[in-house]
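Report on the structure given below.
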Amino acid sequence: MLESLPKARIMGASAVIRARRNRSRIALTDPFSRAGLEAPAPQPGGIAARARAAAGGPRYLEGLNAEQRAAVEALDGPVLVLAGAGTGKTRVLTTRIAHIIAEGRARPYEILAVTFTNKAAREMKDRVAMLAGPVAEGMPWLGTFHAISTKILRRHAELVGLKSSFTILDTDDQIRLMKQVLQAENIDDKRWPARALAFQIDAWKNRGLDPKHVPAGEAAAFANGKGAALYTLYQERLKILNAADFGDLLLECLRLLRDNPEVLKQYQDRFKYMLVDEYQDTNAIQYMWLRLLAQGRQNVCCVGDDDQSIYGWRGAEVDNILRFETDFPGAKVIRLERNYRSTGHILAVAAGLIAHNEGRLGKTLFTDDEAGHKPTVTGVWDSEEEARSVGEEIEQLARAGGAYDEIAILVRASFQMREFEERFITLGLPYRVIGGPRFYERAEIRDALAYLRCVAQPADDLAFERIFNTPRRGLGDATLQLLHDHSRRQRIPLMQAAQFMVETDELKPKQRQVLRGLLSDFARWAGLIDQKPQGELTEMILEESGYTDMWRKDRTAEAAGRLENLKELVRAMEEFPDLGAFLEHISLVMEAEGKDVGPRVSIMTLHGAKGLEFETVFLPGWEEGLFPHQRSLDESGRAGLEEERRLAYVGVTRARRRAKIYFATNRRIHGLWQTTIPSRFLDELPAGHVEVVEAATGAAYGGYAQSRFANMDSFGSSYSTPGWRRAQQRGEETRSAAKSGGFGGAARRGPLQIEGELVASSSAESGFAKGARVFHQKFGYGAVAAVDGNKLTVDFDKAGRKMVLESFVQAA
DNA sequence: CATTCGAGCTTTTTT
DNA sequence: AGCTCGAATG
């Protein structure tokens, strides 16, 4: 290991600057340095020309190398394309789609193309359109797993106990709902946090496990054995709310297909060709979903790179890619190893790093490009200097004519972004943070959406709870509690419960009045859904509810921005045909505003950077504990370490011409400064291909080499500690459990269907007769004077004549 | 019912 | 360090 240490070459800061300036000039006159994704294949020896002549093929096939072309043209039967970073993966996928359409093998709507992220889906759509023209515009089945599942689910929602208008809950809603479930079960949510249960249930769903099939051991692990029961309750609540969380979109869709062969057949027949992007990131349930649909025609093409599998923590199984050939017998496997993105040194560094992983399918990337600049490793004193130094380097690049949008800073964890942001603000460097809080995650947007959800889907309790006292209207916990009591007892939505309660004397007059007003507002707005364009309606709702006023009166700094965001929301929704389409879109794919305001430096996480490329990439924070992340190591042992290494590999391979790695000796974690150890990944970089440089800020710190030697041993030994071994074991257990994770079995439950409309279920006979003695929590004892459905008029001994709901009294 | 203050906790990554 | 949540107070 010692010999793999990069040679420490210390030079003076000014020398570094001079050298770099020269380099920049060279790079910028380089023909490959131009912007654009996946530069066209520079074909040596006229192979492309010959191929083209031989085939006389369509233009979209031009410029593909032999392997790419093979991957595009192998239309029949299962195909696995192992595509290394920068080998033209997306190009193959999009060209393949164009090819299928051009050959008349299938119409655009008969092609299923699945991606992992919305970003990838959008890009694919755009690029197919570029290749195949407007024919491809209507590819309704190009999207993320979640988006496509949703689409299928909406069409057959009744079959799984939902209505097709079901709401999609995000993580926030999920946790709030979970809290209610825990509360109802009297479980101390200090000891068993809702968050943890939500996480657990999500993990189960990712493995395709419904409550019935959760392994007993795992179910028992939460809340003294109540894990599975809570899962069941949670699912019941979701059905009552007519809602699905992210996991459900896939799980319920799978259940739908499994339990309804005729529906399955319909989709198997429809999807003549299936394409899957980033196959290495599929988790167990996505895999089951895919296999089920692909069983029909077997024309499935999966593209992936086992070295870029970075979502193991979310249940992704690299094994899916490793066993493709077993699951799809006769599959063609095509490797794309020619890299068109990065220069030689960068590729060598990436290769040297990833070679430390075991259990790879093994690919060797190569390039005809020049060797280029060696990736640099820079040690700095602390994270502040790191930000300063990176800022300085960027300014140098800019002065040399580099474009800001060709520069990215890729961090391991989002908290690292802050320091760069602060620095760039003082420098006046234009930057943008990618993957920060999403547009629709902002409070004001969520509030506005909650109003819309209340109007469009009266069963949406979570939405109702969110805004029933926003803006403040004097309704609080006490009122909510009463509503909850009634709603839970009658198994009806909150708003319906509220509808009953404004008729009776349970609530204090003031609250009753306010609530009645609110409900009638909702009813009035609901009546306007089909009358008014959704944008106009939204403005009206926000105005009349006093919501916008609330922010106008708010004198805090963000208030103006929030109002701005609301305007943006209204503007965005006007582009949709109707409110439903908009709500659908926003819960799955809405992204932060995309106004282009000139070129900017991108700051994002390594995960967010997958699939992107930049001229220059900064990789700060290569320190033990941060990268590789401690948590990853603790939770998944060696598997975790390998995933971190793949993340590093992804980071390095984002760079076309320059990769700049940083590590700091001191970093502030949770507010306090801690001394850190350089990442072990630094040791793994092939010495001949990296250059160790001093920080551009010139603060003399040459501690890198020494600290490495000093700490070498502790790395070696940490592998044999009991804790580590335990962690490793745990990792393996979970993985094997996931593998065997089945689902099968018939549908359970008679779904708890409820009416979404505010229709009185008062036709039900009352259990009380006139004259009966009753007891009421608040009003005490009394005698029933009249019965009207579930409403009772009671003469209370002390409180006098009151109208109460039956569910609030008991026989005395 | 709203506001204020203190305690405790968190910080990977995403649909 | 900063934030969210809960308890105490007005």
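Numbers restart at 1 for each chain; the letters A, B, ... are given by sequence-line order, proteins then strands. From a predicted model like this one, the values you see are computed outputs, not experimental measurements.
Residues meeting the salt bridge (Lys or Arg N to Asp or Glu O under 4.0 Å) test with A:D382, sequence neighbours left out: none. The side-chain contact (heavy atoms from CB on, under 4.5 Å) check on A:T548 picks up A:L542, A:E543, A:R552, A:L563, A:L566, with sequence neighbours excluded. Residues forming a salt bridge (Lys or Arg N to Asp or Glu O under 4.0 Å) with A:R291 (at least two apart in sequence, or on another chain): A:D327. In terms of the ring pair (Phe, Tyr, Trp, His ring centres under 6.0 Å) criterion, A:F618 has no residue partners (sequence neighbours excluded). A:R516 is linked by a salt bridge (Lys or Arg N to Asp or Glu O under 4.0 Å) to nothing, counting only residues two or more places apart in sequence or in another chain. By the salt bridge (Lys or Arg N to Asp or Glu O under 4.0 Å) test, A:R314 pairs with no residue at all, sequence neighbours left out. Scanning for ring pair (Phe, Tyr, Trp, His ring centres under 6.0 Å) contacts around A:F779 gives A:H776, A:F796, with sequence neighbours left out. Contacts of A:F415 classified as side-chain contact (heavy atoms from CB on, under 4.5 Å), with partners at least two apart in sequence or in another chain: A:A413, A:L626.
Among the atoms of the strands shown, only primed sugar atoms or phosphate atoms (P, OP1, OP2) are found under 4.0 Å from some heavy atom of A:L475. Contacts of A:F145 with the nucleic acid, taken as non-hydrogen atoms under 4.0 Å apart, are absent. Among the heavy atoms of the strands, none lies under 4.0 Å from A:Q416. At a threshold of 4.0 angstrom between heavy atoms, the contacts of A:D170 with the nucleic acid are absent.
Regarding A:I434, its CD1 atom lies at a distance of 15 Å from the P atom of B:dT13, rounded to whole Å. Distance CG (A:D634) to P (B:dT11): 16 Å, rounded to an integer number of Å. Atom CD1 of A:I168 is separated from atom C1' of B:dT14 by 15 Å (rounded to the nearest Å). In this entry the distance linking OH of A:Y311 with P of B:dT13 reads 11 Å, nearest Å. Atom C1' of nucleotide B:dT14 and atom CZ of A:F116 are separated by 9 Å, given to the nearest angstrom. Protein atom CE of A:M604 is 15 Å distant from nucleotide atom C1' of B:dT14, rounded to whole Å. The separation between A:L507 atom CG and B:dC1 atom C1' is 14 Å, rounded to whole Å. A:I310 places its CD1 atom 12 Å from the P atom of B:dT13, with the value rounded to the nearest Å.
Closest to the A:R472 side chain, of the nucleotides B:dT15, B:dA2, B:dC1, is B:dA2. Side chain of A:F246, nearest nucleotide from B:dT13, B:dT11, B:dT15: B:dT15.
When each of A:G608 and A:G474 is assigned the nucleotide of DNA chain B with its nearest heavy atom, A:G474 is the one assigned upstream, toward the 5' end. When each of A:H146 and A:I669 is assigned the nucleotide of DNA chain B bearing its nearest heavy atom, the one mapping closer to the 5' terminus is A:I669.
Between A:D173 and A:R453, at least one side-chain N (NZ, or NE/NH1/NH2) sits under 4.0 Å from a carboxylate O, which counts as a salt bridge. A salt bridge links A:R645 to A:E684: one of the charged nitrogens lies within less than 4.0 Å of a carboxylate oxygen.
At least one side-chain nitrogen or oxygen of A:N469 sits closer than 4.0 Å to the OP1 or OP2 atom of B:dA2. Between A:T605 and B:dT14 there is a side-chain polar atom (N or O) within less than 4.0 angstrom of OP1 or OP2.
Every pair passing side chain to side chain donor-acceptor pair (under 3.5 Å) that includes a residue from residues 476-486 of chain A is listed here, sequence neighbours excluded: A:E465-A:H484, A:H486-A:S807.
Where stacking is scored as ring centres under 5.5 Å apart with planes under 30°, A:F415 does not register as stacked on the base of B:dT11.
Using modelled atom types and a 3.5 Å distance limit, the side chains of A:S383 and A:E419 yield a donor-acceptor pair.
A distance of about 22 Å separates the C1' atoms of C:dC3 and B:dT14, rounded to the whole Å.
A centroid separation of 6.0 Å or more is found between the aromatic rings of A:H356 and A:F681.
Of the residues in residues 476-485 of chain A, A:G476, A:A478, A:T479 come within less than 4.0 Å of DNA chain B through at least one heavy atom, sorted by number.
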Shorter than 3.5 Å, N or O on both sides, protein versus nucleotides 4-8 of chain B: list them out with atom names.
none

Subject >> Protein proximity profile, nucleotides 1-10 of chain C - base contact B, sugar-phosphate-only contact S, no contact -, cut-off 4.0 Å on heavy atoms >> reply: BS--S-----
